[in-house]
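Values below: every heavy atom of this structure, side chains too, minus hydrogens, waters and symmetry copies. Below, chains carry the letters A, B, ... as their sequence lines are ordered, and counting in each starts from 1.
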There are 2 protein chains.
Amino acid sequence: MIAPLARALMAAEMPVLEAHEVSMWGYAVLSRLRDEPARTQAALAQSIGADKTRIIGVLDDLQEQGLIEREPDPADRRVRLVSLTDQGRRTQSAVQAAIQAREERLLSQLPAADRRGFLRALEFLSSLPPDEISG
Amino acid sequence: MIAPLARALMAAEMPVLEAHEVSMWGYAVLSRLRDEPARTQAALAQSIGADKTRIIGVLDDLQEQGLIEREPDPADRRVRLVSLTDQGRRTQSAVQAAIQAREERLLSQLPAADRRGFLRALEFLSSLPPDEISG
DNA sequence: TATTGTTATACTCTATAACTATA
DNA sequence: TATAGTTATAGAGTATAACAATA
């Protein structure tokens, strides 16, 4: 049940993301950077469940759109310090608000108790390490 | 939260499926056929969220393994009637039991109320048509 | 002409391995 | 030599289009 639902939810988010001209991974990066800046790109990638090679194009796009900044770390010139621009922060907020509005519309159809249990179970299961799920 | 969780759950099912030498789509087909035989392959594909072109290789494998039978419909020789063999039925039951045992182990860590709400919400959301989710 | 199953092709996403620049 | 970022290549999964058989 979960896999098709995940596909449907991602498909439902697409129009919102396209309206703000960001990809799904792009939005994941923006959301991750909103909470705290990333030490390295590799750490940033891992924290959103991606590969360091996979987010490079994403970062290129975000930078070209002026949503993030990448500057060499003076302390270690190998690493690039990635941070949100003001516009990036605004875009992230706008997309998040739009997506949460859709979620609210969807979840409001559930009985309050089911909704609470659903979200709590989801948070618990998401917090488990992979080997706890696979056994 | 849902998409990574779905990925983790699918990864956790892999060893079980490999132990019975069926693919994920193969298991989806077996489970679908257990409930009722399929009128056409296209309908079978659609009912498990796949494409008619995508399940052909799956059906080939299942047939070669002796888990399903495909025979031309005498009434309309264009269509192939797909049905489970006894062995296919046994394999489906065994895989389902193994997967449900894992699910049980996972869900048993949840408070009973959250667990009920989680499953009820999941069933409701899964029953929604796609356009109800996207808006 | 339309439909079922099939095959062939192209496209997207992802993973792996090599390369550069710094350390 | 080891690491951060990058690029290039190959692979899996998927979607689209063309094809043969039957209606």
Side-chain angles (χ1 to χ4, degrees), chain A residues 2-4 6-11 13-14 17-18 21-29 32-33 37-64 68-83 130, chain B residues 2-11 13-15 17-18 21-29 32-33 37-64 68-83 130:
Chain A
I2 291 184
R7 275 199 296 267
L9 288 173
M10 285 194 294
E13 288 179 4
M14 286 295 197
L17 295 169
E18 282 171 7
E21 293 179 327
V22 293
S23 68
M24 205 155 39
W25 285 114
Y27 175 59
V29 166
R32 168 64 184 72
L33 289 177
R39 288 191 313 97
T40 70
Q41 290 185 187
L44 169 62
Q46 192 184 359
S47 70
I48 60 175
D51 188 283
K52 69 170 181 176
T53 66
R54 238 162 60 198
I55 66 165
I56 289 180
V58 177
L59 295 177
D60 290 345
D61 291 345
L62 293 175
Q63 188 171 23
E64 192 181 356
I68 65 170
E69 277 177 346
R70 257 194 295 192
E71 43 183 348
D73 183 348
D76 182 345
R77 300 230 304 283
R78 290 176 303 182
V79 331
R80 309 293 174 84
L81 298 175
V82 185
S83 59
Chain B
I2 291 184
L5 177 60
R7 275 199 295 267
L9 289 174
M10 285 194 292
E13 287 180 4
M14 286 296 194
L17 295 170
E18 283 172 6
E21 293 179 327
V22 293
S23 68
M24 202 154 41
W25 284 114
Y27 175 59
V29 166
R32 169 63 184 73
L33 290 177
R39 287 190 315 93
T40 70
Q41 291 186 184
L44 169 62
Q46 194 185 358
S47 69
I48 60 174
D51 188 282
K52 69 170 180 175
T53 65
R54 238 162 60 197
I55 66 165
I56 289 179
V58 177
L59 295 178
D60 290 345
D61 290 346
L62 292 174
Q63 189 171 23
E64 192 181 355
I68 65 169
E69 277 177 348
R70 256 192 298 191
E71 44 183 348
D73 182 347
D76 181 344
R77 299 229 305 283
R78 289 176 303 182
V79 330
R80 308 294 175 83
L81 299 175
V82 184
S83 60

Any [X] side-chain N or O less than 4.0 Å from OP1/OP2 of [N]:
{"X": "A:Arg70", "N": "D:dT6", "value": "yes"}
{"X": "A:Trp25", "N": "C:dC13", "value": "no"}
{"X": "B:Arg80", "N": "C:dT6", "value": "yes"}

Original post:
Start at the 5' end of DNA chain D and walk down; is the nucleotide closest to B:Ala50 or to A:Ala43 reached first?
Top reply: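 Nearer the 5' end of the strand: A:Ala43.
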Between atom [atom1] in [X] and atom [atom2] in [N], what is the gap in whole Å?
{"X": "A:Lys52", "N": "C:dT16", "atom1": "NZ", "atom2": "C1'", "result": "11 Å"}
{"X": "A:Asp51", "N": "C:dC13", "atom1": "CG", "atom2": "C1'", "result": "12 Å"}
{"X": "A:Arg54", "N": "D:dT6", "atom1": "CZ", "atom2": "C1'", "result": "16 Å"}
{"X": "B:Ile55", "N": "D:dG13", "atom1": "CD1", "atom2": "P", "result": "16 Å"}

**OP:** Taking side chain to side chain contact (heavy atoms under 4.5 Å, CB included) as the test, write out the residues that go with A:Glu69, two or more places apart.
**Re:**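 So A:Glu69 forms a side chain to side chain contact (heavy atoms under 4.5 Å, CB included) with A:Ser83, A:Thr85.
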Original post:
Does the pair B:Leu17 and B:Met24 meet the rule for a side-chain contact (heavy atoms from CB on, under 4.5 Å), with working shown?
Top reply: CA-CA 7 Å; B:Leu17 295 170; B:Met24 202 154 41; 4.1 Å; yes
**OP:** Please step through side-chain contact (heavy atoms from CB on, under 4.5 Å) for the pair A:Asp73 and A:Arg80, ending with a clear verdict.
**Re:** CA-CA 6 Å; A:Asp73 183 348; A:Arg80 309 293 174 84; over 6 Å; no
Original post:
Closest nucleotide of DNA chain C for A:Arg78 versus for B:Val79: which of these residues is on the 5' side?
Top reply: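 Closer to the 5' end of DNA chain C: B:Val79.
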Subject >> Inter- and intrachain pairs under salt bridge (Lys or Arg N to Asp or Glu O under 4.0 Å), touching residues 42-63 of chain A, at least two apart >> reply: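 Every salt bridge (Lys or Arg N to Asp or Glu O under 4.0 Å) pair that includes a residue of residues 42-63 of chain A, provided the two are not neighbours, is A:Asp60-A:Arg70.
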